[in-house]
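Note: hydrogens, waters and symmetry copies are ignored here, and every other heavy atom, side chains too, is used. If you're wondering where the values come from, they're calculated on a predicted model, not measured in any experiment. Numbered from 1 within each chain, the chains take letters A, B, ... in sequence-line order.
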Number of protein chains: 2
Amino acid sequence: MIENDIFKALADPTRRAIFEKLANGRLNASALRDGMDISQPAMSQHLAVLCQAHLVRQERQGRFVNYEVDPDGLAHIAGWLAKYRAYWPARIDALKTLLKDMDQ
Amino acid sequence: MIENDIFKALADPTRRAIFEKLANGRLNASALRDGMDISQPAMSQHLAVLCQAHLVRQERQGRFVNYEVDPDGLAHIAGWLAKYRAYWPARIDALKTLLKDMDQ
DNA sequence: GCAATACATAAGTGTGTGCTTATGTATTGC
DNA sequence: GCAATACATAAGCACACACTTATGTATTGC
């Protein structure tokens with residue numbers, strides 16, 4: 001079940017940090033490690049988990065493997081969230097502010 | 001960190017099932033167990049995790065404790081998701097619906 | 001071909017997680 | 001008060017998870 005893979009992948013703070021980095025642009029595995037205090041195998045394993053959850057996708061470029069955000073996983077979360085839109089109105093004001101802030 | 005609690009809470013399929021049940025209306029712990037093949041303590045523990053993540057909130061009513069979806073947790077996920085809006089266009093169809101729902 | 005670089009995989013280890021059984025606490029109705 | 005009901009907490013256990021070190025695989029430049 002993809003939903004399970006997604007939430008399990010995001011349950012780890014290190015993986016969320018990796019994902020956040022990739023949200024600023026594609027990077028290879030080594031570049032991702034910069035300033036992260038994480039071993040090379042650990043990074044490789046985390047990226048594998050993110051890939052399996054379709055949160056990240058890879059593309060080999062010669063000796064390097066570039067990673068980037070896969071919209072597929074995000075869309076799945078959005079879809080999951082949409083199921084509970086009945087409960088959003090109670091917080092819609094905060095969300096609208098948040099979305100407006102994101103726009104700037 | 002609340003974000004961590006939220007994703008960890010949702011990383012378990014049983015807890016997502018409980019959450020889904022509560023999305024259809026408030027229920028007490030016993031009613032939640034119906035048709036779920038889960039022990040009473042297990043249910044209690046799952047509910048505690050969901051409460052700590054602000055995905056669910058409780059309200060004692062005499063001998064019963066009613067549980068219901070807490071919009072707070074959902075709003076947090078929506079906020080997290082909003083950070084990656086740049087990657088949504090690739091899936092614009094599903095997401096336009098989502099944003100429109102948010103606006104209402 | 002061969003050394004160097006970039007990354008993946010294997011195997012082992014400590015810790016966290018979800019379950020169980022047993023027991024504790026709170027509220028109700030008599 | 002006391003039995004019954006509804007739920008929470010404690011303790012223990014099997015398993016999953018995130019890490020480590022060691023090794024394997026792929027690509028580059030000479």
Side-chain angles (χ1 to χ4, degrees), chain A residues 1-22 24-70 73, chain B residues 1-22 25-70 73 77:
Chain A
M1 204 216 306
I2 182 73
E3 229 164 59
N4 205 54
D5 290 335
I6 290 176
F7 284 119
K8 280 204 170 194
L10 293 174
D12 183 74
T14 305
R15 278 195 291 267
R16 287 200 306 279
I18 292 169
F19 185 80
E20 203 130 344
K21 270 195 150 188
L22 288 175
N24 293 323
R26 61 157 53 187
L27 286 171
N28 59 57
S30 300
L32 268 171
R33 281 185 63 203
D34 287 352
M36 279 211 72
D37 191 35
I38 191 178
S39 72
Q40 179 269 314
M43 174 60 79
S44 186
Q45 287 160 18
H46 280 309
L47 286 168
V49 172
L50 288 166
C51 278
Q52 196 179 335
H54 293 94
L55 284 162
V56 158
R57 59 188 172 197
Q58 52 183 315
E59 187 189 7
R60 192 163 255 276
Q61 207 115 32
R63 193 159 33 169
F64 298 82
V65 178
N66 286 321
Y67 291 89
E68 63 182 356
V69 169
D70 185 348
Chain B
M1 207 216 304
I2 182 73
E3 229 165 60
N4 204 55
D5 290 334
I6 291 176
F7 284 120
K8 281 204 169 192
L10 293 174
D12 183 74
T14 305
R15 278 195 291 268
R16 287 201 305 279
I18 293 170
F19 185 79
E20 204 129 343
K21 271 196 151 188
L22 288 175
R26 60 156 53 188
L27 287 172
N28 60 58
S30 299
L32 268 170
R33 282 184 62 202
D34 287 352
M36 279 211 73
D37 191 36
I38 191 177
S39 73
Q40 179 268 315
M43 175 59 80
S44 186
Q45 287 159 19
H46 281 308
L47 287 169
V49 172
L50 288 167
C51 278
Q52 197 180 336
H54 293 92
L55 284 162
V56 159
R57 59 189 173 196
Q58 53 182 317
E59 186 189 7
R60 192 164 254 277
Q61 208 116 30
R63 196 161 27 170
F64 299 82
V65 178
N66 285 321
Y67 290 89
E68 63 181 357
V69 169
D70 185 348
I77 304 177

Answer yes or no: is there a donor N or O on one side and an acceptor on the other, between the side chain of [X] and the main chain of [Y], under 3.5 Å?
| X | Y | answer |
| --- | --- | --- |
| A:Arg26 | A:Asn66 | no |
| A:Arg15 | A:Ala17 | no |
| B:Lys8 | A:Ala11 | no |
| A:Asp70 | A:Gly73 | no |
| B:Arg33 | B:Ile38 | yes |

Could you check whether atom CG of A:Asp37 has more than 12 heavy atoms from other residues, nucleotides or ligands sitting under 6.0 Å from it?
no

Verify the neighbour count for atom CD of B:Gln52: are there more than 12 heavy atoms of other residues, nucleotides or ligands below 6.0 Å?
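Incorrect, the count does not exceed 12.
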
In whole Å, I'd like the distance from the [atom1] atom of [X] to the [atom2] atom of [N].
| X | N | atom1 | atom2 | result |
| --- | --- | --- | --- | --- |
| B:Glu59 | D:dA6 | CD | P | 18 Å |
| A:Phe64 | D:dT28 | CZ | P | 10 Å |
| A:Arg60 | C:dT5 | CZ | P | 16 Å |
| B:Asp12 | C:dG16 | CG | C1' | 13 Å |
| B:Asp5 | C:dT17 | CG | C1' | 14 Å |
| A:Asn4 | C:dG18 | CG | P | 11 Å |

Has B:Tyr67 got a side-chain N or O lying under 4.0 Å from the OP1 or OP2 atom of D:dA6?
no

Under 4.0 Å between a side-chain N/O of A:Gln58 and OP1 or OP2 of C:dA8, yes or no?
yes

Looking only at side-chain atoms of B:Arg63, point me to the closest of C:dA8, D:dT5, C:dT5.
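It is D:dT5.
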
Any side-chain heavy atom of B:Lys21 within less than 4.5 Å of one from B:Met36?
yes

How about A:Pro13 and B:Phe7: do any of their side-chain heavy atoms sit closer than 4.5 Å?
no

Assign A:Arg33 to base, sugar-phosphate, or nothing according to its heavy-atom contacts below 4.0 angstrom with the strands shown.
nothing

So which one's nearest nucleotide on DNA chain D is more toward 5', A:Lys8 or B:Ala31?
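Here B:Ala31 is the residue nearer the 5' end.
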
Going by number, which of residues 38-53 of chain A have a non-hydrogen atom under 4.0 Å from DNA chain D?
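Result for residues 38-53 of chain A: A:Ser39, A:Pro41, A:Ala42, A:Gln45, A:His46, sorted by number.
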
Pairing string of DNA chain D (Watson-Crick or G-U wobble, both atom distances under 3.5 Å; | = paired to other strand) is ||||||||||||||||||||||||||||||

